[in-house]
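Taking it in order: structure first as structure tokens, then the write-up.
In this text the structure is predicted, and so the values were computed from the model without any measurement. For the single chain, residues carry numbers from 1 onward in sequence order.
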Amino acid sequence: MSTTQHLSPAPRADAPVTRLDAAVIGAGVAGLYQLHRLREMGLAVRAYDTASGVGGTWYWNRYPGARFDSQAEVYQYWFSEELYKSWTPSERFPAQPETERWLNFVADKLDLKKDIQFDTRIDQASWNEATRRWDIVTQHGERIEAQYLVCCLGMLSAPLAERFPGQASFKGSIHHTGLWPRQGVDLKGKRVAVVGVGATGIQVIQTIAKEVGSMSIFVRTPQYVIPMRNPQYSRADWERWGSRFHELKQRVRNTFSGFDYDFDAGPWADKTPEQRSAVLERLWDDGSLALWLASFPEMFYDEAVSQEVSEFVRAKMRDRLQHDPALCDLLIPRDYGFGTHRVPLENRYLEVYLQDNVTAVDCRATPIERIVPEGIQTADGKVHEVDVIILAVGFDAGSGALTRIDIRGRGGRSLKAEWKKEIRTSMGMQIHGYPNLFTTAAPLAPSAALCNMTTCLQQQVDWVTDCIAYARRHGKQVVEPTREFEQRWVAHHDETAAKTLVMKTNSWYLGSNVEGKPRRLLSYIGGVGNFNRQCDEVAASGYAGFAMS
């Protein structure tokens, strides 16, 4: 895997300039829909993507076992009933290849690819005070001018590829899960190391366990896990879901997390222990994220409730690990509560550790020190010799994709420099000081982490599109949130987050996985329905808090 830093050539002063009404960065779930919406308005718009095809997350994350954990019936576009009904998923939680095919189906159905420029990385974007437009430069030195710049970069699209000292010295191959080769990687019979046991690492581990010769799993932060229930879907099944299209479309927009399930069990305090247990068992058996996002919201802010729900999950995990003391100590969380960290769905992941060809390495006791030619060296001096290293070590979430572009706003201010001090946005839609820059899946909106992504990304695209349409109808060329509005939103965001136990758990939700990253909950935790209502209120007020000129 190459992780070489590429420097963009300086744009030639005489280079031709592509002039657009709007430039969209990204051709994933959000970027495709944003391109469609702006094109519907009659704007001259083009999307740009580093990849060679559409898909965003589902283009790059093609590692073994990659699949989403939103049910297919709600991981959908909602602007077209005909589009929804014309694609039949094969199962409840489709794998990456099928999801990539679906997004290509959408792009072809809407004839979007003709307006997407692939294999193009946007390196620079500067607000031009004189022209009141964005000057954009690609890695090839191509120059683009656009009135609006819409960044649909995804919340997990800046992989932490250079994670350990000495990676270049390794004699075998190293692969980050977020940069998995299209041609795949031959793991059969190999000695394989997997570093990381988050949602991605878990999918890799459970998938390759029977294929590899041996596997060393480097465990630092254990995860609460829920067994995935993934039935096959027939055409008749999908017709039943299709008959509920309008119901589901409304439902997902108003729930806490953008799924079709919500916290409907009633207050924890009103139930007997037996009733609470029945709710937890029912949602556990559902095999989805419902136990996390549709059981008892008190688990997010009440220590006693958190402890009881956490112990329920721990007991399930202990049974599956055959009560092996060493494995239970290594793989079952004790220092944070269920749901305050990303909860993965899995398929016999825990049972992998009972295989004779699998070794678990406790990185809390012996952290990884460096990569050496033969493999991975831990703090105890041991070298774990392997042929392939798989890095499931995550991303610079939420903010990383934006700060890897040199974005300059008013007066040449640098987004990278500002966010190195403090990460701020206005509802995750815009940033004060950066006129006509719109964002999706950016910090301080639910889409940064705590949402069924298709629900929240479409809501943001619709809000952005409606805002641009409003400005154009009123003869305005520039849209920018005021400093006061942004301060109020950041204060509301922080006040909401501070009430939860999530703030006590170190995770990528808080940027804890990136050294030096300012600590702030990246995702708005006030609920998707509540967030959508606030966005609707801003729009209904004529976009109060957003200065237009």
Partners passing salt bridge (charged side-chain N to carboxylate O under 4.0 Å, His left out) against Lys316 (at least two apart in sequence or in another chain): Glu281
Leu83 backbone acceptor or donor facing Tyr77 side chain under 3.5 Å: no
Other residues, nucleotides, ligands: >12 heavy atoms within 6.0 Å of Arg220 CZ: no
Sequence neighbours excluded, every pair satisfying salt bridge (Lys or Arg N to Asp or Glu O under 4.0 Å) that has a member inside residues 527-542: Arg253-Asp536
NZ/NE/NH1/NH2 to OD/OE distance under 4.0 Å, Arg334 and Asp329: yes
Lys/Arg-Asp/Glu bridge criterion (N-O < 4.0 Å) met for Glu298, Arg276: no
NZ/NE/NH1/NH2 to OD/OE distance under 4.0 Å, Asp466 and Arg37: yes
Polar side-chain atom of Tyr224 near backbone of Tyr336 as donor-acceptor pair, under 3.5 Å: yes
Whether Trp292 side chain and Gly339 backbone form a donor-acceptor pair below 3.5 Å: yes
Backbone of Phe395 reached by a side-chain donor or acceptor of Asn513 within 3.5 Å: yes
Centroid-centroid distance, Trp180 to Trp60, less than 6.0 Å: no
Pair Tyr75-Trp241, ring-ring contact (aromatic ring centres under 6.0 Å, His included): steps then yes or no: CA-CA 12 Å; Tyr75 198 91; Trp241 284 116; over 10 Å; no
Donor-acceptor contact present, side-chain His432 to main-chain Pro481, <3.5 Å: yes
Side chain Thr255, main chain Gly258, donor-acceptor under 3.5 Å: yes
